[in-house]
Protein chains: 2
Amino acid sequence: MATIQDVAKLAGLSRTTVSRVINDHPYVAEEKKQLVTKAMKELNYVPNSSAQRLRKQATETIAVYVPRITNPFFSQLVESMENAAAQKGYQLILCQTRYKKKQELFYLELLRTKQVDGLVLTSIENNWSEIKPYLACGPIVLCNEYSDEAEVPVIHLDQIQGGYIGTKHLIEQGYTKIGYCSGNHKSSRVAADRRIGYLKAMEEAGLTVQPEWYYDSAYSVEDGKRIFSIIQNQKNRPDAVFTGSDEVAAGIAKAAKQAGWSIPEDLAIIGFDNQPLAELMDLTTIEQPIDMIGRLAMEKMIEEIQSKGMQKRKRTELPLKLVQRSST
Amino acid sequence: MATIQDVAKLAGLSRTTVSRVINDHPYVAEEKKQLVTKAMKELNYVPNSSAQRLRKQATETIAVYVPRITNPFFSQLVESMENAAAQKGYQLILCQTRYKKKQELFYLELLRTKQVDGLVLTSIENNWSEIKPYLACGPIVLCNEYSDEAEVPVIHLDQIQGGYIGTKHLIEQGYTKIGYCSGNHKSSRVAADRRIGYLKAMEEAGLTVQPEWYYDSAYSVEDGKRIFSIIQNQKNRPDAVFTGSDEVAAGIAKAAKQAGWSIPEDLAIIGFDNQPLAELMDLTTIEQPIDMIGRLAMEKMIEEIQSKGMQKRKRTELPLKLVQRSST
DNA sequence: CGAATTCATGAAATCGTTTTCATAAACCGA
DNA sequence: TCGGTTTATGAAAACGATTTCATGAATTCG
């Protein structure tokens with residue numbers, strides 16, 4: 001591989017001048033510029049990016065943390081982030097935390113070792129106090145999941161509203177015994193907010209919340225099936241359930257149909273995300289503008305990197321929308 | 001941020017010795033090792049990876065090309081690759097070619113500029129002749145999609161068998177008017193092979209292939225719906241269709257049910273991939289060991305990087321399996 | 001005991017860029 | 001014409017590690 005030195009020699013100029021041409025600096029004569037360009041082409045030269053990174057102290061690479069890329073919500077988020085990053089000339093390193101604290105901390109080292117210029121977190125496993133020290137090494141932006149203590153830019157959705165409009169819709173449809181499935185609302189702010197919205201809608205309607213209609217650890221299709229079998233065995237059953245994801249809703253719907261139940265007559269179900277799955281399974285759901293938050297988060301990230309300014313907590317909150325189908 | 005120099009000074013030793021400790025080289029006294037470790041801890045030191053990359057001429061980073069990460073087949077592939085890479089201490093850069101030749105070529109520059117040690121391609125947009133020159137810059141491994149000219153390691157599935165067992169299953173179920181949906185078999189070896197398998201099974205059974213039952217550009221749920229409406233309007237209709245993905249199959253099934261058709265009585269449908277979707281929609285499908293090929297491809301890649309040996313064309317072909325459900 | 005290894009350390013070269021600094025020519029206004 | 005800017009170039013110093021080479025001390029061996 002040719003180096004800048006080889007180009008300089010072939011062009012009969014110094015490394016400095018070649019570097020100037022590469023970086024489009026002023027004060028280089030048109031004639032020499034031609035010489036350099038010609039030499040670069042002739043040698044098939046491209047600058048070595050490790051050297052550039054070392055010297056420029058920037059990598060033009062951003063790490064994105066997701067629990068698992070196979071979760072459609074996160075893959076869509078990553079898709080939009082990659083698009084936004086590529087547009088601005090940044091690379092994306094994919095980090096799957098696998099819902100593990102340790103894995104998340106392990107990847108944080110990328111920032112310390114200067115392998116990336118910044119971090120976008122879409123989920124948070126550790127306490128913010130564990131993550132905070134890494135802010136000294138580069139900017140962090142939160143997208144989707146967030147934490148109140150974190151003094152960094154946050155792009156997220158109005159999950160309280162999400163929980164509220166979903167539950168309210170069920171109430172308006174005439175359901176009164178409304179169950180609730182969610183992930184862990186103690187560690188996840190997203191889950192906690194939705195729960196607040198749910199409780200608010202229930203309270204407004206004067207409905208009571210039955211503890212036995214609260215189903216937790218709900219993430220996957222399998223969890224949905226498991227939850228259905230719990231419902232099936234309950235004496236006092238809900239007539240509708242609010243779920244935290246289309247997968248969970250789909251799992252419940254599938255198991256219910258297999259058991260001979262009619263949806264929504266025997267059980268109304270509402271999903272979350274409006275994934276392609278929701279349309280196929282005819283699920284009422286809450287649509288989140290995923291592409292939008294992904295793009296906004298990435299743009300914010302790049303802005304942070306380029307401004308090198310101090311990070312302020314700056315919250316951007318986007319609204320959600322109900323999509324009605326035949327499951328409610 | 002502390003540098004190796006700072007550590008050396010604090011420990012009262014030379015950079016060389018510190019470097020030896022970092023890289024676990026022999027010939028460093030236990031006592032000094034302790035000193036260095038202590039100094040590193042005290043300064044919260046980690047080696048700057050740009051500097052390491054430059055000096056070691058290796059990035060420990062691998063680029064993975066996929067058309068779109070939101071396609072569940074590819075997100076599962078990426079998930080398994082990321083797992084395998086992380087296990088061996090490698091990072092993954094995600095490149096979405098978006099089915100565009102230009103985008104693919106653009107990302108190839110990552111290899112030339114030494115931003116990554118190697119490339120795993122899961123789809124190929126350009127002619128191999130366009131890609132070949134980049135082999136001089138580092139190893140390339142093909143996973144899933146492949147090309148006959150490419151003299152590189154290939155990990156792929158036996159798509160001929162896939163087309164064959166799917167079609168044969170339909171024939172065994174008593175269907176004779178078998179339609180076929182696929183992507184572009186001219187540019188994709190995967191699609192071409194499946195077609196070969198389909199034709200083989202049809203020929204063996206003495207069935208004729210109707211050109212009007214060949215539906216192309218089939219990739220998404222939407223395409224499936226479009227194809228169903230074509231079928232619906234045909235005078236001479238197929239009684240079963242083989243599809244190249246669960247999404248297409250799901251789209252056809254959904255549209256068919258909406259039109260009041262019964263599956264499989266009015267139309268049998270077979271999918272491909274065995275995604276979660278297939279189970280939810282009760283689709284017979286062909287299961288591909290995606291995690292396996294992802295892991296194998298990544299391991300092969302790392303082997304290539306570490307051996308620095310010449311690349312030989314070495315094909316690994318894995319078998320597929322039919323999963324029967326109620327759509328056939 | 002002397003020669004040959006092995007062990008332990010550091011100075012300096014190296015990886016391939018960019019940036020700073022120095023220098024000189026060209027231009028410009030009074 | 002003279003000082004002062006603007007333009008154009010290159011030598012050398014970063015950036016932060018690893019690797020080569022040299023050197024001496026400690027150990028082993030015949």
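The chains referred to below are lettered A, B, ... by the order of the sequence lines, with proteins before strands, and numbering in each begins at 1. Source: prediction; values computed, not measured.
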Can you list the residues that meet the salt bridge (charged side-chain N to carboxylate O under 4.0 Å, His left out) rule with [X], with sequence neighbours excluded?
X: Glu109(A); answer: Arg112(A)
X: Glu149(B); answer: none
X: Asp193(A); answer: Arg189(A)

Between the two end axes of the helix from dC1(C)-dG30(D) to dA30(C)-dT1(D), each built from 5 base pairs, what angle do you get to the nearest 10°?
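The angle separating the two end axes equals 30°.
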
According to the salt bridge (charged side-chain N to carboxylate O under 4.0 Å, His left out) rule, which pairs have a member within [range], sequence neighbours left out?
range: residues 127-146 of chain B; value: none
range: residues 47-73 of chain B; value: Glu79(A)-Arg68(B)
range: residues 86-107 of chain B; value: Glu82(A)-Arg98(B)
range: residues 289-301 of chain A; value: Arg295(A)-Glu299(A), Lys300(A)-Glu303(A)

DNA chain D-proximal residues of residues 11-23 of chain B, any heavy atom under 4.0 Å:
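Listed by number, they are Arg15(B), Thr16(B), Ser19(B), Asn23(B).
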
For DNA chain D, find the residues of residues 29-40 of chain B with a heavy-atom distance under 4.0 Å and give them by number; none if there aren't any.
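Correct list: empty, so none.
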
Listed by chain and number, what are the ring pair (Phe, Tyr, Trp, His ring centres under 6.0 Å) partners of Tyr146(A), not counting sequence neighbours?
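Once residues adjacent in sequence are excluded, the partners of Tyr146(A) under the ring pair (Phe, Tyr, Trp, His ring centres under 6.0 Å) criterion are His156(A).
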
Distance under 4.0 Å to a non-hydrogen atom of chain A counts as contact; along DNA chain C, which nucleotides mark the start and end?
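Range of nucleotides touched by chain A: dG16(C) to dT20(C).
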
Residue whose closest nucleotide on DNA chain C lies nearer the 5' end, Ala51(B) versus Arg55(A)
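Per heavy-atom nearest nucleotide, the more 5' residue is Ala51(B).
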
Quick check against the 3.5 Å criterion: does Asp117(A) have a side-chain atom that pairs as donor or acceptor with the backbone of Thr59(A)?
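Such a contact is found between Asp117(A) side chain and Thr59(A) backbone.
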
Check whether any side-chain N or O of Thr113(A) sits under 3.5 Å from a backbone N or O of Ser49(B) as a donor-acceptor pair, and report yes or no.
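Answer holds: no.
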
Return the OG to CD distance between Ser80(A) and Gln96(B), rounded to the nearest 0.5 Å.
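Interatomic distance, Ser80(A) OG to Gln96(B) CD, rounded to 0.5 Å: 9.0 Å.
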
Side-chain contact test, heavy atoms from C-beta onward, threshold under 4.5 Å: evaluate it for Val116(B) versus Leu111(B) and give yes or no.
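The answer is yes, as the side chains (C-beta and beyond) meet within the 4.5 Å cut-off.
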
Counting the atoms with a prime plus P, OP1 and OP2 as sugar-phosphate, which does Gln57(B) contact under 4.0 Å by heavy atoms, base, sugar-phosphate, or nothing?
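Answer is sugar-phosphate: Gln57(B) comes under 4.0 Å of backbone atoms only.
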
Touch class at under 4.0 angstrom, heavy-atom based, for Val46(A) against every strand present:
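Sugar-phosphate only.
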
Between atom [atom1] in [X] and atom [atom2] in [N], what is the gap in whole Å?
X: Gln5(A); N: dA12(D); atom1: CD; atom2: P; result: 13 Å
X: Leu43(B); N: dG16(D); atom1: CG; atom2: P; result: 14 Å
X: Asp24(B); N: dT19(D); atom1: CG; atom2: C1'; result: 17 Å
X: Leu54(A); N: dT18(D); atom1: CG; atom2: C1'; result: 12 Å

Test side-chain contact (heavy atoms from CB on, under 4.5 Å) on Trp128(B) and Leu142(B); report intermediate values, then the result.
CA-CA 11 Å; Trp128(B) 182 251; Leu142(B) 302 183; 4.2 Å; yes

Gln52(B) vs dT18(D): side-chain N/O to OP1/OP2 distance below 4.0 Å:
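Result: yes.
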
